[in-house]
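What follows is one structure encoded as structure tokens, with my remarks underneath.
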Amino acid sequence: MSEQHTTSGPRNSAVGRRGFLAGAAGVAAAAATPALARDAAAAPAARPNILIIVTDDQPKQTDWAIPKTIEWLGGHGVTFTHGHAATPLCAPSRSSIFSGRHAHHHGVRNNSASYSLDQTTTVQRHLKQAGYRTGLFGKYLNAWTLADNPPHFEEFALLQPGYNDARWNVDGTVQQLPGYTTNIVKNRTLAFLDKSTTDSRPWFAYVTPYASHAPNTPAPKYTETPVPAWNGRPSVPEERGWPPTAPAEPPPRP
């Protein structure tokens, strides 16, 4: 999915209790000496926590809106400069994240085919079987029935897409929650991560706010923030009325 990556920022700076990749560890240079190799073999490596954040319909050119987030993640990890989505459509692309497969292999070729995904092939299934806590907070798959629990997630707050006072399936109970949905996603995720203080299992969190999908409703505190106009592009054809402006008529043939 990527041809090139770069590393940036201070790699030795401390990551807080709510650090996105807290607990990630590896054994380096284990074979440098026979003694190190024996020590590495005797002590199992710590298993990393895993966080995936998926924004919705966010073009690369809008990175200016989240500079602190990009700096934090890039400064503590890897920035993929040639990353791309093979199928830039909601359900097929999300199914590729779950399964590691292209749409023509996992079978979810459009937004109405979410139940075609083989749930035995997903990363959440394999991680749960490996002893991970698994959590989903936000949007799941298009055309998924809200009352159906997402398989292989131990905790979840499944969002019926919307920005304010939306409907959710919270751990098996369908309900309406007041408030801005991105804030709810944040708070549910942080509560999930905080359980690490009493639960020693590694965790996998799949965090998927509805933003910045149309109608692009901001949180109240950002309502008056000026933003440049964006007329869309061919890789985001989900809205009716595409393209935004009619193409020019071809010149008459002589």
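With Ser93 contributing its side chain and Cys90 its backbone, the two residues share no donor-acceptor pair below 3.5 Å. Distance alone, capped at 3.5 Å, places no donor-acceptor pair between the Arg125 side chain and the His152 backbone. Looking only at distances, no side-chain donor or acceptor of Gln58 sits under 3.5 Å from a matching main-chain atom of Ala211. A distance-only check finds no donor-acceptor pair linking the side chain of His105 to the backbone of Arg101 [under 3.5 Å]. At distances below 3.5 Å, not a single donor-acceptor pair connects side-chain atoms of Ser95 with backbone N or O atoms of Leu117.
His102 and Thr87 are not linked by any side-chain donor-acceptor pair at a separation below 3.5 angstrom, with hydrogens and angles left out of the test. For the residue pair Asp148 / Tyr115, a side-chain donor-acceptor distance below 3.5 Å is found, with atom types taken as modelled. Side chains of Trp203 and Thr134: a donor-acceptor N/O pair is absent below 3.5 angstrom, by distance only.
Atom-to-atom distance recorded for Thr182:OG1 and Phe137:CZ is 15.0 Å, nearest 0.5 angstrom. How far OG of Ser112 is from CG of Leu141: 12.0 Å, rounded to the nearest 0.5 Å. The NE2 atom of His82 sits 13.0 Å away from atom OG1 of Thr79, with the distance rounded to the nearest 0.5 Å. Taking CG of Asn169 as the start and OG1 of Thr145 as the end, the distance is 10.5 Å to the nearest 0.5 Å. In this structure, the separation between OG1 on Thr122 and CD on Gln119 is 5.5 Å, given to the nearest 0.5 Å. Rounded to the nearest 0.5 Å, atoms CG (Leu193) and CG (Asp199) are 12.0 Å apart.
Nearest approach of Asn216 to Ser212, heavy atoms of both residues: ND2-O, 2.6 Å. Residues Pro92 and Val108 come closest through the heavy atom pair CB-O, 3.1 Å. The two residues Glu154 and Tyr132 have their closest heavy-atom pair at OE1-O, 4.2 Å. Smallest separation of non-hydrogen atoms from Arg201 and Gly131: CD-O, 3.4 Å. Closest heavy-atom contact between Ser96 and Ala103: OG-N, 4.1 Å.
Here Tyr180 and Tyr210 keep their ring centres 6.0 angstrom or further from each other.
Under the 4.5 Å side-chain criterion, counting only non-hydrogen atoms from C-beta, Thr181 is not in contact with Asn164. Counting only heavy atoms from C-beta outward, the side chains of Leu51 and Val207 approach each other to under 4.5 Å. With a 4.5 Å cut-off on side-chain heavy atoms, Pro215 and Tyr163 count as touching. Inter-residue side-chain proximity for Trp168 and Val185 is flagged as met; some heavy-atom pair is nearer than 4.5 Å. Looking at Ile97 and Tyr206, their side chains come closer than 4.5 Å, going by heavy atoms from C-beta outward. A 4.5 Å side-chain heavy-atom check between Phe98 and His106 finds every atom pair outside the cut-off.
In terms of the side-chain contact (heavy atoms from CB on, under 4.5 Å) criterion, His126 has no residue partners (sequence neighbours excluded). For Lys195, the side-chain contact (heavy atoms from CB on, under 4.5 Å) criterion is met by Arg133, Glu155, not counting sequence neighbours.
Connection of Tyr140 to Leu146 is established within a shared hydrophobic cluster, with ILVMFWY side chains joined at heavy-atom distances below 4.5 Å, either directly or through further cluster members. Grouping the Ile, Leu, Val, Met, Phe, Trp and Tyr side chains by contacts below 4.5 angstrom, directly or via other members, places Val174 with Leu136.
Using a cutoff of 4.0 Å between basic side-chain nitrogens and carboxylate oxygens, Arg94 and Asp56 are scored as salt-bridged.
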- Task: Dump the intermediate steps for ring pair (Phe, Tyr, Trp, His ring centres under 6.0 Å) on Phe192 and Phe156, then the final yes or no.
- Result: CA-CA 9 Å; Phe192 176 80; Phe156 54 89; over 10 Å; no

- Message: Before you tell me yes or no, could you show the steps for Val170 and Leu177 under side chain to side chain contact (heavy atoms under 4.5 Å, CB included), namely the whole-Å CA-CA distance, both residues' side-chain angles and the distance that decides it to 0.1 Å?
- Response: CA-CA 10 Å; Val170 180; Leu177 296 180; 4.1 Å; yes

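Trp64 belongs to a hydrophobic cluster whose other members, connected by ILVMFWY side-chain contacts under 4.5 Å either directly or through intermediates, are Val227.
Crowding of Gln175 atom CD: a count of heavy atoms from other residues, nucleotides or ligands under 6.0 Å exceeding 12.
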